[in-house]
Structure formats: structure tokens, C-alpha cells
Amino acid sequence: MLRCKIVEFLFDALPIGVWRAFLIRRHIDGCPACQKKILSLEEARSLLVGPLDPDEWAGFKMRLRSRMANEAADRVPVVYGKPAKLWRWASSAAIVLMLVAAGFWLLRETGKEVPVADRIRPPERFELDYIRVGGQPAGAYIYQPQGAAIIIVWAEKAP
Amino acid sequence: MGGQKQEEITPGVPQGGIDGVVDLYGGQVLAFAVNVLGNREDAEDAVQESFIQVFRNLGSYDPGRSFKTWIFTIVYRRCLDMLKKKKRFRAALEKAKHEFPVSSNPGPAGAVPAEVLKAISARERTALSLWANEGYSAREISGVLSCSESTARVVLFNARKKIRALLENHHASLQNS
């Protein structure tokens, strides 16, 4: 009896499903005293509607069958089993293929080589106000090789 | 009806296709729905909708699972939908009478005492019905309720405990009067 009270206390003290299920399994299910506090199988059966006899639901069965027949008539026949699985696989494969194609196209678009002429445009005007080397004004020489698009700036410490 | 064809190619489905399924499980499923909803008319609607759903989704049935449990799961969900709809409908009409839909038509056996069963939730009624009528274990009940085995065990225990307490109170009040 004391054990039952302890179990009851522990059951109420920790409202966690796993813990409560453990207590039910370990003690309550096998304890006659605790079983008296809960509804027995026979009592539950007497309270509930049991499985119906065929004549108790014959009318409903008729209605149900006619409804199912209507449903079957309205329905486009679908073949279950393997073909349904095949369709699922085919649609998945189509989606994967579409994704791969889209990825390939995106990669191709982003990886396209930009023409050199667009990348390096010679400046129309090049100007230097001053140049300092080591904090001191320095001499500057600007050189552009003939026909090249680059400009070389040479800075030299003033003597 | 198209049931024969489905039965031939869908493994795990009982003999006779959808007609066979209705014959085999109709009575059990209807009683189950009456117990969950507490009303024969609603139960018939729920069972009709459930069988149509079964018929439509026969191809997606997993033969590794019990066919009976699959049907009960569908019926349970339909019953919950129906209870939710009724609740919304009642709220809209401002009929806050806490009226359990049992009492008007208590089913063929007339065995559902509204005041006792309305004290427990639809989930608990489901667990109780599956345990008492179908002999389901906590594991099987958890399959229908879509919860863990522990939760199903506790739900069933709570249902049994609550009803026992209510019955004792009822008896005590009868004796006092």
C-alpha cells in the first residue's frame, strides 16, 4: 500500500510522459490495488459501443456502398502499385534533370570570359598631383609603352 | 465496383477489395467512430468519408503496416476534423452549452453515457475504445494517435482513471440521494 502511494506521488510529481509510462508499466499494470482505482476492461466494454452486428448497420452499409460506387464511377481509373511508383520516380528524375540543367546554365552564364577590351580600358586622361616617398616629395616619371594599354609610374626620392 | 481490381494489385488489402474492406471492418469502424464522436449520425458521416479516403489512397497504403490500424488512423483523423468543425460551428452560433453530441442518439446499443464520456478528450476516448473493443496495445494505439508508445500508455491510463473516478462519484451521489 505504501508503495502504491509512493508511485502515485511520483506519478503526480513529474508530469513527463516517459516517466509516467514507466511507472504504469513497472507498477500500476501489475498491482491489483492500483488496478482497482482505474476502469477495468469489462467496465470499459460496458460503457462503450461495441463492434456492431451486421443487421445493426445494414442500412448504413447500403448507403456506403452506393456512395463508393458513385465515387468509383466519377473517378478516372488509376492503376496502383508499381506504375504509381514509376510515376513518382519519373517526376523526381525530371525535377532533378531540370535542376541540373538550370545549374549548368547558371554556371555557364556566370563563368563567361569577359573580353579583354571591356576589362582594361586605357584612361582617357592620367594626372598626378604629387608623389611622396618616405614622407618627402619625390620625382615622378610616367611612361607608356607605344601601343600598350598600360601606364608605368616611376617614383624616385628627390636628392 | 473498382474494388476488385485494387485488391488484386495492392498487397496487404483484405480479400474482396474495397467491398471486402467495408464488410470486414465497417461494423468495428462505425462503433469506434460512435465512441469517439458520441453520435451515430456524425459517426456515419465520418466513416463514409474515411472509406472514400481509404478507397482513394489505397495505392499509398504501406503493406508493412497493419491495414486495420491504417483504417482506424484515417477514421480517427476524420473524427477529429468533425469535432473541430462542430466546435467552430457551435462557437459561431454561440451555443456554449458544453453539449456533448452523444445524448441525442446514443447509438444502437444505447450504451454511451454522455456525462461520463464527455469528461474525457477525444484522444482518450479513442485510446479507450481501441483498448477495450479492439484489444489494442499501447504500441498499436500510438500508431493510430500518431504519438509515442509512452504517451499512448499515459493517455489510456488517464482515461481509465478519470472514468473510474466519475463512476465512483456517480454511485456515491446515487447512494446519498
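Sequence lines set the chain letters: A, B, ... in the order given, protein chains first and strands last, and positions in each chain run from 1.
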* Asked: Between V155(B), V29(B), D23(B), which has the largest tally of heavy atom pairs under 4.5 Å with chain A?
  -> D23(B)

* To do: Applying ring pair (Phe, Tyr, Trp, His ring centres under 6.0 Å), name anything that partners W70(B), two or more places apart in sequence or on another chain.
  => Y61(B), F67(B)

* To do: Measure across Q48(B) and R67(A) and return the closest heavy-atom pair with its distance rounded to 0.1 Å.
  => OE1-NH1, 2.9 Å

* Asked: Is a donor on one side and an acceptor on the other found under 3.5 Å between the side chain of N35(B) and the backbone of V49(A)?
  -> yes

* Rounded to the nearest 0.5 Å, how far apart are CD1 of I24(A) and OG of S150(B)? -> 9.0 Å

* Asked: Are F32(B) and L41(A) co-members of a hydrophobic cluster defined by side-chain heavy atoms under 4.5 Å apart?
  -> yes

* Asked: What distance separates N158(B) CG from I38(A) CD1, expressed to the nearest 0.5 Å?
  -> 10.0 Å

* To do: Below 4.5 Å from any heavy atom of chain B, which atoms of E42(A) appear? Answer side chain, backbone, both or neither.
  => neither

* Linked, directly or transitively: F9(A) and V154(B) (ILVMFWY side chains, under 4.5 Å) -> yes

* Side-chain touch E44(B)/W57(A), heavy atoms, less than 4.5 angstrom -> no

* Asked: Should F22(A) and L156(B) be counted in the same cluster of Ile, Leu, Val, Met, Phe, Trp and Tyr side chains packed under 4.5 Å apart?
  -> no

* Which pairs count as side chain to side chain donor-acceptor pair (under 3.5 Å) when at least one residue sits in residues 148-159 of chain A, sequence neighbours excluded? -> none

* **Residues of residues 126-142 of chain B within contact distance of chain A, non-hydrogen under 4.5 Å** => L128(B), S129(B), W131(B), A132(B), N133(B)

* For I163(B) and L47(A), run side chain to side chain contact (heavy atoms under 4.5 Å, CB included): C-alpha distance rounded to whole Å, both residues' side-chain angles, the deciding distance at 0.1 Å, then the answer. => CA-CA 10 Å; I163(B) 291 183; L47(A) 287 172; 3.5 Å; yes

* Which heavy atom of M68(A) sits nearest a heavy atom of F51(B), and at what distance? -> CE-O, 3.5 Å

* Closest contact, heavy atoms only, K37(A) versus R164(B) -> O-CG, 2.9 Å

* Asked: Are side-chain heavy atoms of L39(A) and L167(B) found at a separation under 4.5 Å?
  -> yes

* Output the distance between atom CZ (F157(B)) and atom CD1 (I28(A)), rounded to the nearest 0.5 Å. => 4.0 Å

* Asked: Heavy atoms, side chains only, cut-off 4.5 Å: are L64(A) and V22(B) in contact?
  -> yes

* Structure fact -> Note: A31(B) and G50(A) closest approach over all heavy atoms is CB-O, 3.1 Å

* **Residue R3(A) excluded, over 12 heavy atoms near CZ under 6.0 Å** => no

* Measure F11(A) against the heavy atoms of chain B and call it side chain, backbone, both or neither at under 4.5 Å. => side chain

* Structure fact -> Here the salt bridge (Lys or Arg N to Asp or Glu O under 4.0 Å) pairs for residues 17-29 of chain A, sequence neighbours left out, are D29(A)-R153(B)

